[in-house]
Protein chains: 2
Amino acid sequence: MPTINDVARAAGVSPSTVSYVLSGRRPISAQTRERVQAAIAELGFHPHAGARALASSRTNVLALVVPLRADVSVPVIMQFATAVVTASRTHNHDVLLLTKDEGTAGLERVAHSTMVDALIVMDVERDDVRIQALRNLKQPSVLIGLPEDPAGIVCVDLDFEAAAAEALRHLAGHGHRRIALVGPSPAVYKRGTTYAERFLTGFTTTSAELGLETMTHPCEPDRAGVRACLADIDAQLPGVTALVVHNEEALRLVLEEVQASGRRVPADISVVAVCPRDVALNMPLPLTSVDIPAHDVGGLAVETAMKLLDGRPTEPVRLLPPTLVQRESTAPIAG
Amino acid sequence: MPTINDVARAAGVSPSTVSYVLSGRRPISAQTRERVQAAIAELGFHPHAGARALASSRTNVLALVVPLRADVSVPVIMQFATAVVTASRTHNHDVLLLTKDEGTAGLERVAHSTMVDALIVMDVERDDVRIQALRNLKQPSVLIGLPEDPAGIVCVDLDFEAAAAEALRHLAGHGHRRIALVGPSPAVYKRGTTYAERFLTGFTTTSAELGLETMTHPCEPDRAGVRACLADIDAQLPGVTALVVHNEEALRLVLEEVQASGRRVPADISVVAVCPRDVALNMPLPLTSVDIPAHDVGGLAVETAMKLLDGRPTEPVRLLPPTLVQRESTAPIAG
DNA sequence: TGGTGTCGTCGAAGCGCTTCGACGATCGGG
DNA sequence: CCCGATCGTCGAAGCGCTTCGACGACACCA
């Protein structure tokens with residue numbers, strides 16, 4: 001492995017000049033620059049990451065903390081992760097993958113040992129203990145999600161309140177008045193993942209605003225849970241004409257069970273899903289959905305981290321506006 | 001951030017002694033060791049990863065290359081990834097996440113810049129161009145999968161040939177003679193992901209050995225594809241009594257379409273799936289399955305990487321024996 | 001034409017750690 | 001009782017890079 005000294009010698013310049021060619025932090029004549037670049041190419045020189053980190057206190061690595069066996073759906077996690085990795089690469093950064101189960105210790109380990117420049121944390125809970133830990137680190141961090149008290153930490157996420165409003169407005173626009181929310185499993189609420197609550201809030205608020213008759217119901221993502229949920233809905237909101245499903249795991253089962261009950265989507269009952277685009281498209285019927293733009297959120301998280309690292313100004317909380325795409329699972333109310 | 005010098009001063013020893021306490025590479029008296037450890041704890045000292053890497057040429061980081069929009073199913077990728085991360089942690093290593101789409105360049109980048117000690121590469125294809133690149137790196141690598149010519153690179157994977165044999169033996173043991181394989185999509189074969197071929201080989205070989213009447217058919221994982229596939233099977237192998245499904249995406253649809261054709265599982269037709277345990281369990285009916293032990297394979301990959309780093313001997317190719325678990329989708333042949 | 005800048009480059013001083021050789025002290029064996 | 005190991009510790013030399021200050025060489029404005 002050639003070092004910067006080898007390059008310098010080959011190019012007939014000093015090592016610092018090579019460094020400046022690489023970093024562009026000082027002006028270098030075109031001539032010299034070319035000689036140096038030629039030498040770099042010829043020798044196949046790659047700066048040693050450790051040495052660079054030591055000298056510059058910059059690692060060009062971001063930590064990404066993902067939930068392990070989360071209630072968060074696996075495809076969504078993967079979408080975030082790949083978005084973060086690809087976005088990081090465009091900023092010349094790499095990604096160190098941590099799992100949530102290492103908890104606070106993992107964050108502190110990589111931060112204290114200066115392995116990363118910044119941290120991106122997924123699946124934050126309402127009173128996540130990790131938040132205080134993050135505040136104490138010298139590296140900045142970006143949360144994907146929105147805890148109770150985000151003071152001092154930048155957050156990005158989909159605007160789930162607006163997402164619920166969007167779903168209801170769409171249905172109301174089609175004449176629906178009796179609408180039920182099939183929510184995440186009780187465990188998700190219990191855990192305090194706030195996106196569930198935020199969606200719920202948006203749902204009830206908008207319902208009131210629009211004067212709809214609605215109800216909400218959590219739902220275990222197995223057949224029994226879905227059946228129970230739908231039964232409750234039919235009992236408490238007879239003649240329901242639309243469902244908003246904010247539960248990816250249960251989505252398919254909801255469709256099956258609705259059909260099993262003799263109702264057709266969308267003729268008898270409309271369904272709006274809240275899920276990533278490709279999930280909505282891969283259902284038996286292409287679903288009208290409010291997209292969970294994991295890719296955008298992941299990219300935004302990285303973008304935000306870069307801003308923080310550059311000392312550029314940043315909004316403390318950035319919630320992406322939702323977009324609803326009408327597909328084949330919603331229709332104007334019959335009759 | 002305290003440095004090793006601060007610790008040394010606080011403990012009244014030299015920096016090298018602190019280092020030896022940390023690494024255990026030289027004997028240190030119990031007394032000294034305790035003083036040093038106390039100082040470390042009190043100051044909250046964490047060695048600087050870059051400095052350590054520079055001095056020791058060891059980063060304690062593993063690269064993991066995952067497919068981005070693979071034909072490999074997302075849950076399987078996640079299982080591998082989390083297995084690799086957790087296993088790495090038990091060996092005091094972290095994981096740098098790379099995506100396959102960076103190709104050869106990504107591998108070379110992290111290797112040449114000495115960001116990682118070893119590489120673990122998923123989703124290798126028959127003549128994967130990355131393999132030659134890996135051979136030229138100074139860091140060792142472990143493939144998850146089995147290319148055409150694995151010379152010089154260690155591979156770990158499930159023994160897919162044996163998996164097919166296992167599935168057929170199980171069915172034959174239940175009296176089935178006419179058995180069809182519902183394989184991965186044509187794209188998977190085309191791409192040259194060898195697990196598909198290996199399964200196919202095992203299937204046909206064992207079929208011949210056992211004197212079964214079998215056929216094989218690739219399958220697009222959408223409703224149309226599944227229908228076409230099943231239609232072909234019924235046409236070419238009328239009276240088929242068992243299906244082996246090696247296609248996670250299509251699995252659910254296969255079950256639905258079989259049912260739609262008026263046949264019951266397992267009364268009229270038995271089904272053996274090849275998929276991770278939890279996928280088999282999350283179907284409408286718990287499926288008899290040959291497990292894809294992503295967790296074990298991931299762990300083994302890390303274990304193997306550690307062996308290579310320690311210079312311990314290693315088998316060049318390690319194929320894990322499959323295990324079939326009988327659940328409710330297979331039964332002795334009727335009549 | 002003499003100052004005042006800017007440009008382009010160099011040298012040297014670290015960044016924080018590991019590791020090698022050295023060295024006094026302690027110990028056991030002949 | 002002396003010699004050679006072994007133990008426990010230290011000092012110093014790097015690992016490969018960045019960055020700061022310095023310093024000619026010019027250019028430009030007055």
Side-chain angles (χ1 to χ4, degrees), chain A residues 1-37 39-40 43-61 92 109-117 138 309, chain B residues 1-37 39-40 43-61 92 109-117 138 309:
Chain A
M1 291 277 101
T3 74
I4 201 171
N5 290 292
D6 300 328
V7 174
R9 211 171 306 126
V13 300
S14 82
S16 53
T17 300
V18 177
S19 179
Y20 288 124
V21 167
L22 250 23
S23 69
R25 289 187 182 285
R26 287 212 179 160
I28 297 287
S29 70
Q31 239 192 34
T32 306
R33 195 183 318 122
E34 275 157 32
R35 276 219 317 286
V36 169
Q37 276 160 348
I40 289 177
L43 298 180
F45 167 72
H46 291 257
H48 185 293
R52 193 173 258 219
L54 180 56
S56 68
S57 22
R58 281 291 234 115
T59 64
N60 277 40
V61 175
N92 200 25
R109 182 169 51 77
V110 299
H112 288 152
S113 61
T114 325
M115 300 185 77
V116 302
D117 293 336
K138 65 170 190 269
L309 289 175
Chain B
M1 290 277 104
T3 74
I4 202 173
N5 290 293
D6 299 328
V7 174
R9 211 171 305 124
V13 299
S14 82
S16 52
T17 300
V18 177
S19 180
Y20 288 124
V21 167
L22 249 25
S23 69
R25 289 186 180 283
R26 288 212 177 159
I28 298 286
S29 72
Q31 240 191 34
T32 306
R33 194 183 318 123
E34 276 157 31
R35 277 219 316 286
V36 169
Q37 276 160 349
I40 289 176
L43 298 180
F45 166 72
H46 291 257
H48 186 292
R52 193 173 258 217
L54 179 56
S56 68
S57 23
R58 282 289 235 115
T59 64
N60 278 41
V61 175
N92 200 25
R109 182 170 50 80
V110 299
H112 288 151
S113 61
T114 325
M115 300 185 78
V116 301
D117 292 336
K138 64 170 192 270
L309 289 175

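What you see below is based on every heavy atom in this structure, not just the backbone, and it leaves out hydrogens, waters and symmetry mates. Every chain is numbered from 1 and lettered A, B, ... according to where its sequence line falls, protein lines coming before strand lines. This is a predicted model, so every value here is computed, not measured.
Between Thr3(A) and the phosphate of dG16(D), there is no side-chain N or O to OP1/OP2 separation shorter than 4.0 Å. An OP1 or OP2 oxygen of dT9(C) is reached within less than 4.0 angstrom by a side-chain nitrogen or oxygen of Ser29(A).
Between the CZ atom of Arg52(A) and the C1' atom of dC15(D) there is a distance of 16 Å, given to the nearest Å. If you measure from atom CD1 of Ile28(A) to atom C1' of dC7(C), you get 10 Å, rounded to the nearest angstrom. The distance between atom NE2 of His112(B) and atom P of dG16(D), rounded to the nearest whole Å, is 15 Å. Rounded to whole Å, the distance from NZ on Lys138(B) to C1' on dC15(D) is 12 Å. Rounded to an integer number of Å, the gap from Leu54(B) CG to dG14(C) P is 17 Å. To the nearest angstrom, C1' of dC7(D) lies 13 Å from CZ of Arg33(B). In this structure, Leu22(A) atom CG and dT18(D) atom C1' are separated by 11 Å, rounded to whole Å. Going from atom CZ of Phe45(A) over to atom C1' of dT18(D) covers 12 Å, rounded to whole Å.
When heavy atoms are screened at a 4.0 angstrom cut-off, Val13(B) is found touching the sugar-phosphate backbone but no base atom. Residue contacts for Arg25(A): at a heavy-atom cut-off of 4.0 Å it reaches the sugar-phosphate backbone alone, with no base atom in range. Within 4.0 Å of Ser16(B), counting heavy atoms only, lies at least one base atom of the nucleic acid. Among the protein residues, Ser19(B) comes within range of the nucleic acid bases, having at least one heavy atom under 4.0 Å from a base atom. Using a 4.0 Å heavy-atom criterion, one finds that Pro47(B) contacts the sugar-phosphate atoms exclusively. As judged by a 4.0 angstrom heavy-atom cut-off over every strand, Ser56(B) is placed among residues touching the sugar-phosphate backbone only.
Applying the 3.5 Å distance criterion, the base of dG21(C) shares a donor-acceptor pair with the side chain of Arg26(B).
The shortest distance between side-chain heavy atoms of Met115(B) and Val61(A) falls below 4.5 Å. At least one side-chain heavy atom of Leu22(B) sits under 4.5 Å from a side-chain heavy atom of Phe45(B). The shortest side-chain heavy-atom distance between Arg35(B) and Thr17(B) does not fall under the 4.5 Å cut-off. Looking only at side-chain heavy atoms (C-beta outward), Arg109(B) and His46(A) stay at 4.5 Å or farther from each other.
Checking Ala55(B) against Val18(B), the closest nucleotide of DNA chain D that is more toward the 5' end is the one next to Val18(B). Nearest-nucleotide assignment on DNA chain C puts the 5′-proximal partner with Ile4(B), out of Tyr20(B) and Ile4(B).
At least one donor-acceptor pair under 3.5 Å links the side chain of Arg33(A) to the backbone N or O of Ile28(A).
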